[in-house]
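A short write-up of the structure that comes next.
Since the model is a prediction, treat every value here as computed from it, not as a measurement.
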Amino acid sequence: MNEQTHERVREIIAAVPAGTVATYGDIAALAGLSNPRQVGWVLREDGFDLPWHRIIRADGVPASHLRDEQLARLRAEGVLATGQKVDLRRYRWEA
DNA sequence: TACATGACTCTTT
DNA sequence: CAAAGAGCCATGT
């Protein structure tokens with residue numbers, strides 16, 4: 001993994017404002033990555049000090065193993081979810 | 001080098 | 001609306 005790219009991903013995620021969400025694909029595109037899976041990789045390896053709960057899948061559902069925790073944190077920021085899906089049209093962050 | 005795994009996404013059934 | 005398949009790329013064994 002490229003160091004610069006890695007840092008760029010971290011910066012972008014850190015820049016996502018509270019009360020909004022972004023998809024893995026969004027972050028990947030902004031960071032210049034072709035594959036969204038790389039974003040997930042960065043978060044898994046080095047995302048403990050980042051607002052990881054604001055990063056969700058393209059269908060509005062958070063990663064399965066973090067689903068509950070993420071939805072809880074988002075709800076606390078004012079991001080409401082229908083069932084397990086967040087309304088991207090309303091909360092999606094745009095750079 | 002080859003194969004499996006995973007915080008993904010898109011298209012087609 | 002749910003499920004399946006195919007791309008995708010970094011890592012670990």
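Between A:A22 and A:W93, the shortest heavy-atom distance links the atoms CB-CE3, 4.2 Å. Taking every heavy atom of both residues into account, A:P62 and A:Q70 meet most closely at CB-OE1, 3.0 Å. Residues A:A63 and A:Y24 come closest through the heavy atom pair CB-OH, 3.9 Å.
Residues A:V21 and A:L88 meet the side-chain proximity criterion, which asks for heavy atoms closer than 4.5 Å. Taking 4.5 Å as the limit, some side-chain heavy atom of A:H6 sits within range of a side-chain heavy atom of A:W41. Contact of the A:M1 side chain with the A:V42 side chain is registered, since non-hydrogen atoms from C-beta on lie closer than 4.5 Å. Using a 4.5 Å heavy-atom cutoff, the side chains of A:K85 and A:D59 are not in contact. For the pair A:L71 and A:V86, the minimum side-chain heavy-atom distance is below 4.5 Å.
Applying a 4.0 Å cut-off to non-hydrogen atoms, none of the residues of residues 60-73 of chain A approaches DNA chain C. Remark: A:S34, A:N35, A:R37, A:Q38, A:W41 in residues 13-43 of chain A come within less than 4.0 Å of DNA chain C through at least one heavy atom. Applying a 4.0 Å cut-off to non-hydrogen atoms, the residues of residues 45-52 of chain A that approach DNA chain B are A:W52, listed by residue number.
First and last contacts of DNA chain B with chain A, using any nucleotide atom under 4.0 Å from a protein heavy atom and ordered 5' to 3', fall at B:dG6 to B:dC10.
With A:H53 as the partner, the side-chain contact (heavy atoms from CB on, under 4.5 Å) test is satisfied by one option alone out of A:V79, A:L74, A:V16: A:L74.
The residue among A:M1 and A:K85 whose nearest nucleotide of DNA chain C lies closer to the 5′ end is A:K85.
A salt bridge links A:E69 to A:R73: at least one charged side-chain nitrogen sits closer than 4.0 Å to a carboxylate oxygen.
Of the P atoms belonging to B:dA7 and C:dG7, the separation is 22 Å, rounded to the nearest Å.
Per the geometry, CZ belonging to A:R44 stands 12 Å off C1' belonging to C:dC9, to the nearest Å.
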Ignoring hydrogens and angles, write down the donor-acceptor pairs under 3.5 Å from the side chains of residues 27-40 of chain A, residues two or more places apart or on other chains.
from	atom 1	to	atom 2	distance (Å)
A:N35	OD1	A:R37	N	2.9

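Every pair passing salt bridge (Lys or Arg N to Asp or Glu O under 4.0 Å) that includes a residue from residues 1-21 of chain A is listed here, sequence neighbours excluded: A:E7-A:R10, A:R10-A:D46, A:R10-A:D49.
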Go through A:D26 and A:I12 one step at a time and tell me if the side-chain contact (heavy atoms from CB on, under 4.5 Å) criterion holds. CA-CA 10 Å; A:D26 289 341; A:I12 295 171; over 6 Å; no

